[in-house]
Amino acid sequence: MSEHKAESTKSGMWSLPVLRKFAPPEEVQVDESGRTEGKDELLPWNVPGTQLRARSGRAGRGFYAPALRGAPSTTRQAEVLNSAVIGAPTGTSGIVTGRDVLSKTSIAHDPVTAYNSRPRLVSSPNVVVMGDVGSGKSSFIKTALVARPLIMAKRRATVFDKKDRAGEGEYSELARAFGAEPIKFTDDGTGTRLNLLDPMISHGTGASGQLRLLKVVTRLARNDTPLNEWEEEALRSALRITLARFEDGRVPTLADVLPALASTTADSDYAQHSPQARDKLHQAGLSVQFTLNTLLDDYAGLLDGETSKVVDLAHKLTSWDISQLPDDGPSVPIVMAIGHMWLLGRLRNDRGWHTTCVYEEGWHIAAGPSASLARANQKLSRGLGSPTCSPSTRAPIFLPTHPVWRWCRRPSRSTSTGRAGTRMRCGASRPSTSLPSGRTTLRS
């Protein structure tokens, strides 16, 4: 009885207006069903309104508002009391590419930095920039992937510039700012001339690279019709004869290969062949000769002589200005094939450099012989940590017979179900987060 009296005396002491502000929390009684008893629950409709706080001293001592204990809660319910601060979407490593709309923080990313970091942040340095027409894809690539990285050491860029701006490519002004003159191509003979057999173009690949380039050019001139084995052998023989004839003289040109295509039977390597085989080889050489002769006539001033003196491929930014070439015909794929062959040699020989290759309007490399050269460059650049970038207004649609479709249908190295808000990338083993549709996430 005395214990109950002492407990009630203690409870009455803490009920005093001055001391109840420092009273310890009372234990909440819970019944067997897990509910609190009625006396421990505060019902707002049963509590009368508080008195007016006429005197601040009395209010400070707790005479007006009752000092009620806090309601029981959980960490899940109390999250709203401490709103989370939106964190930065990226770290500080890389190049500033924009500003996040929600957190107002800078977004920093660089394909070379992300791929060469340990551990790697991305599985490939190659980049595809997708967006609607006029959404700023080209501006983003020009600033974040070309101009800003070029100020760093061991960084350079190669651009196949297809967008026309005042009679030249849109990268021409930027190339001049870095001390390089854009390599401008036209179909009227007033532009730059390239020699397919120039050692500067086949740098590091030798005669095999020159032969491969001749095969690609011939195939492109035939509307992507591949050469048969007889035509390939005739072209190989003609190139071998031409290089031997100009071994101690000037650099041979494509026009010097044409006579050799008509005289493949004079090659001593085929002396042991039957007359029927040599005649078939002669017919194949004539077929290739006619194709290349038509190409030189249609695009006079582009491939019919030595490389123009203004061509300098040693700068940090190389702009292949193909904006004045027609979209139809083999001229654009041929120039891109020449650029791919040159880039392949540079990647193999200039180790330690990271080269960003940009394809503006890069649908010419989606298929055909140019795609094989571009694929070889991408594989080599991935091993060296150099990115390849191309803008696109929409995802490409390929028929089931296209090689890209067969690549997409290959099983990935690990099978896992993507979480909500993610989608599995084609041919990849980890999910790629899908961006929300609607407003743009980045602001340049």
Minimum-distance pair of heavy atoms, taken over all atoms of [X] and [Y]:
X	Y	result
Leu196	Leu213	O-CD2, 3.7 Å
Arg120	Tyr115	CG-O, 2.9 Å
Leu254	Leu296	CD2-CD2, 3.6 Å

Taking atom types as modelled, is there a side-chain donor on Asp187 or Gln324 under 3.5 Å from an acceptor on the other?
no

Any donor-acceptor pair under 3.5 Å linking the side-chain atoms of Arg222 with those of Thr291?
yes

Taking Lys142 as the fixed residue, which of Glu173, Glu170, Glu360 is the one that meets the salt bridge (charged side-chain N to carboxylate O under 4.0 Å, His left out) rule?
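Of the listed residues Glu173, Glu170, Glu360, the salt bridge (charged side-chain N to carboxylate O under 4.0 Å, His left out) partner of Lys142 is Glu170.
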
Does Ser172 reach the main-chain N or O of Gly169 with its side chain, forming a donor-acceptor pair under 3.5 Å?
yes

Salt bridge present between [X] and [Y] (N-O < 4.0 angstrom):
X	Y	result
Glu181	Arg176	yes
Lys162	Asp327	yes
Lys184	Asp161	no
Asp269	Arg240	yes

Are the side chains of Val146 and Val358 in contact, using a 4.5 Å heavy-atom criterion?
yes

